[in-house]
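These notes are about the structure you will find just below.
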Amino acid sequence: MRIAVIPLASILALAVLTPSLAQNAAEPSGFRVVNRTGADATALYAVRSPRGGQGDWGGNLLRPDRPLTEGGGFRVNPAADAGCRFDLRLVLGDGREAVLRDQDICVNRNIDLARAARPAAPAPARPQPMAAPASRETPLAQPNPQARQVSTGTGFLIANERVMTNHHVIDNCNRVLLRTPSGHWLAAAPPARMDAQLDVAVLNVPGLVGPALAFRSAPAVRRGEGVVAYGFPLAGLLSSDPKLTRGEVNGLRGLGDNPNQYQISAEVQPGNSGGPLVDMQGHVVGVVVSKLNAQAVSRRTGDIAQNVNFAIQGQAALAFARRAGVEPRLAESAGPDRSTADVGEIAHRSTLFIRCEK
């Protein structure tokens with residue numbers, strides 16, 4: 001899959017030092033990188049130019065728990081003998097990359113990455129496996145095979161160490177474990193923030209970092225829009241890998257005219273609860289919550305309802321996250337739709353299997 005590369009040559013504003021501040025090229029000092037791309041950056045690389053190999057970028061200069069936020073700066077201090085010419089690479093939280101090659105840091109010591117214009121046709125974001133744990137000191141967890149009762153569900157990363165799911169997925173659990181896309185198990189640390197009426201919760205998962213899904217900020221969701229549900233239905237019966245289903249927004253209210261839900265045709269099963277419902281740009285528009293009980297409807301109406309499912313509206317879930325002290329990323333859905341497979345890859349890197357032990 002090709003990576004969407006932002007051409008920094010067209011978006012960088014380089015502040016050139018006055019002659020009185022310029023130093024001898026043989027004695028390079030540090031330089032500062034400021035992120036004004038419009039998105040948080042999860043990785044920054046600065047290596048001597050030319051690099052030894054096409055993929056040789058060295059180590060990430062940013063700490064896993066400290067992304068370079070929009071408007072933030074980072075000081076790079078090369079070795080004294082590193083020379084003046086560097087290649088720079090910035091990896092953004094939405095999967096894009098910004099690369100600037102062969103820069104003379106002895107002349108340009110303040111590199112201001114200007115806000116990038118939205119691409120006319122954005123390429124699919126490169127999937128990045130979620131890192132877990134954030135450091136070797138973060139304790140890994142293991143499921144308890146002797147647990148008296150186990151139920152499962154789905155959650156998704158909305159910020160470092162913060163996972164959104166349904167209230168009913170974690171209700172009355174003695175222990176909540178999460179399996180990341182990389183296969184690691186981590187334990188949620190109480191207390192969780194919950195809203196039983198809305199049926200949403202935010203978990204605190206120490207050490208869990210990775211690309212967080214962005215909530216859609218605009219435009220408003222419409223009936224007929226394509227959506228993708230991603231999660232772990234029927235764990236123990238189906239395979240352990242996540243499942244993707246494609247559907248549409250059928251109605252702008254939920255069961256009983258619930259204004260905080262959408263009705264969707266993307267098929268969901270037990271275990272999908274708490275998973276992300278994303279639009280065809282890969283932005284969160286809802287949280288999968290339930291399906292209609294076809295047997296109960298049949299007893300009441302004499303007919304069997306087919307494929308009637310519900311999701312908590314994204315804006316309602318976003319408002320709860322903010323009440324819980326979390327500020328998720330926002331993104332406007334514009335431009336052509338991505339393929340279903342590409343949307344699934346975006347959701348995959350941020351979606352977690354949840355195990356509730358009682």
Side-chain angles (χ1 to χ4, degrees), residues 1-6 38-39 92-97 116-128 130 154-158 164 181 210-233 241-254 260-269 272-289 291 307-318 321 328-352:
M1 183 180 300
R2 297 189 62 185
I3 302 168
V5 177
I6 303 173
L92 305 181
D94 58 11
R96 295 177 299 161
E97 291 189 356
R118 179 180 297 277
R126 180 177 66 176
Q128 298 286 341
M130 183 177 296
T154 305
F156 59 99
L157 197 69
I158 60 172
M164 178 166 283
L213 289 178
F215 281 73
R216 171 165 157 172
S217 59
V221 174
R222 300 185 300 164
R223 295 180 191 84
E225 278 200 45
V227 290
V228 166
Y230 202 80
F232 297 88
D241 64 312
K243 308 298 185 295
L244 175 155
T245 55
R246 169 86 186 259
E248 295 177 341
V249 175
N250 302 129
L252 301 181
R253 291 187 175 231
N260 291 318
Q261 293 183 356
Y262 295 127
Q263 181 180 326
I264 59 174
S265 65
E267 297 179 359
V268 299
Q269 308 293 339
N272 275 115
S273 292
L277 183 75
V278 297
D279 64 15
M280 300 313 296
Q281 295 287 329
H283 301 145
V284 177
V285 293
V287 183
V288 175
V289 67
K291 64 182 298 183
N307 199 25
V308 180
N309 312 294
F310 301 100
I312 301 165
Q313 294 190 12
Q315 290 302 310
L318 174 62
R329 291 196 305 115
L330 302 178
E332 182 180 350
S333 290
D337 289 349
R338 301 176 187 267
S339 71
T340 303
D342 289 339
V343 170
E345 289 181 342
I346 294 172
H348 176 78
R349 55 186 183 163
S350 306
T351 303
L352 303 101

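Predicted, not measured: the structure shown is a model, and the values here were computed from it.
With rounding to the nearest 0.5 Å, the separation of NZ in Lys243 from CD in Glu267 is 13.5 Å.
In this structure Asn272 satisfies the side chain to side chain donor-acceptor pair (under 3.5 Å) test with no other residue, sequence neighbours excluded.
Smallest separation of non-hydrogen atoms from Ala321 and Ile158: CB-CD1, 4.0 Å. Across all their heavy atoms, Ile346 and Gln281 have their closest contact at CD1-O, 4.0 Å. Between Met280 and Val343, the shortest heavy-atom distance links the atoms O-CG2, 3.6 Å. Scanning both residues, Gly231 and Pro233, for their nearest heavy atoms gives O-CD, 3.3 Å. Scanning all heavy atoms of the two residues, the minimum distance from Val278 to Val285 falls at C-CG2, 4.1 Å. Residue Leu157 comes nearest to Gly210 through the heavy atom pair CD2-O, 3.4 Å, listed as atom of the first residue, atom of the second, then distance.
Side-chain atoms of Gln313 come within 3.5 Å of backbone N or O of Leu252 as a donor-acceptor pair. At distances below 3.5 Å, not a single donor-acceptor pair connects side-chain atoms of Ser350 with backbone N or O atoms of Phe156. Side-chain N or O atoms of Arg329 include none that pairs as donor or acceptor with a backbone N or O of Ala39 at under 3.5 Å. Within the 3.5 Å criterion, the main-chain N or O of Gly254 finds no donor-acceptor partner in the side chain of Gln263.
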Run the side-chain contact (heavy atoms from CB on, under 4.5 Å) check on His283 and Leu213 step by step: do they pass?
CA-CA 7 Å; His283 301 145; Leu213 289 178; over 6 Å; no

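Applying the salt bridge (charged side-chain N to carboxylate O under 4.0 Å, His left out) test to every pair with at least one member in residues 218-233, sequence neighbours left out, gives these pairs: Arg216-Glu225. Among residue pairs with one or both ends in residues 244-253, those qualifying as side chain to side chain donor-acceptor pair (under 3.5 Å) are Arg246-Thr340; sequence neighbours excluded.
You'll find the side chain of Leu318 reaches within 4.5 Å of the side chain of Leu330, heavy atoms only. The shortest distance between side-chain heavy atoms of Thr154 and Val288 does not fall below 4.5 Å. The shortest distance between side-chain heavy atoms of Tyr262 and Val227 does not fall below 4.5 Å. Within the 4.5 Å cutoff, side-chain heavy atoms of Ser333 are placed close to those of Asp279.
Using a 30° and 60° split on the angle between ring planes, His348 and Tyr230 fall in the perpendicular class, above 60°.
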